[in-house]
Amino acid sequence: MTASFWLYLTPLWILLGLLLVFGIFALLSRVAGGKFVKPIVQFVLKVPLLGRGMKKASQAALERQNPELAGAIKKLERYGATRDPQRAQAAMSNMTAAERRAYLDAAGEQGDALPDQMNRQMRRQLERARKRGGGRR
């Protein structure tokens, strides 16, 4: 009789376990700006089904928030621009003016946050891209 009672509570135990895992995840995301969540998310992205789902959700959110930037990122990924600067230049030449502006604005926001990691050539290229993008508005 008591064994069947615990068997009936199995879904409740699973639900409580998932609630505990999500609670820990939420707590870790609040501590130190999410510093401890990053390795967990990187591991989850390596799992094929979860990684694809998270990537699709992120892409959909970006398309709703900034469609031009989403289009620019799709073109950069299609060209394989993350590995080769020449491919990045080819992708940039095939972007519309709005996509290029959105991408340069997003890259500029990221670049402003970490200016010490860029060398002189990268800073000059970014500045030239900003001047070109700013003159076409």
Quick one: pull up CH2 in Trp13 and CG in Leu20 and give me the separation to the nearest 0.5 Å. 12.0 Å
Over 12 foreign heavy atoms within 6.0 Å of CD, Gln65: no
4.5 Å side-chain heavy-atom contact, Met95 and Met92: yes
If every non-hydrogen atom of Leu28 is compared with every non-hydrogen atom of Ile40, which pair is closest and at what distance? CD1-CD1, 3.9 Å
For residues 70-79, please give each side-chain donor-acceptor pair under 3.5 Å, one per line with the distance, not counting sequence neighbours.
from, atom 1, to, atom 2, distance (Å)
Lys74, NZ, Glu63, OE2, 2.8
Lys75, NZ, Asn94, O, 3.2
Lys75, NZ, Glu99, OE1, 2.9
Tyr79, OH, Asn94, ND2, 2.1

Say whether Leu50 and Phe25 are linked into one hydrophobic cluster, either directly or through other cluster members, by side-chain heavy-atom distances under 4.5 angstrom. yes
Nearest 0.5 Å, please: how far is CZ in Arg52 from CG in Leu45? 12.5 Å
Taking the side chain as everything from C-beta on, heavy atoms only, tell me whether Tyr103 gets closer than 4.5 Å to Asn66. no
Counting only heavy atoms not in Gln59 (residues, nucleotides, ligands), do more than 12 fall under 6.0 Å from its CD? yes
Partner set under side chain to side chain contact (heavy atoms under 4.5 Å, CB included) for Leu12, not counting sequence neighbours: Leu9, Leu16
Rounded at 0.5 Å granularity, tell me how far CD1 in Ile14 sits from CG in Leu19. 13.5 Å
Backbone N or O of Lys55 within a donor-acceptor pair of the Ser58 side chain at under 3.5 Å? no
Could you state whether Leu27 and Val37 fall into the same hydrophobic cluster, counting links through intermediate Ile, Leu, Val, Met, Phe, Trp or Tyr residues with side-chain heavy atoms under 4.5 angstrom apart? no
With a 4.5 Å cut-off on side-chain heavy-atom distances among I, L, V, M, F, W and Y, is there a chain of contacts connecting Val41 to Val31? yes
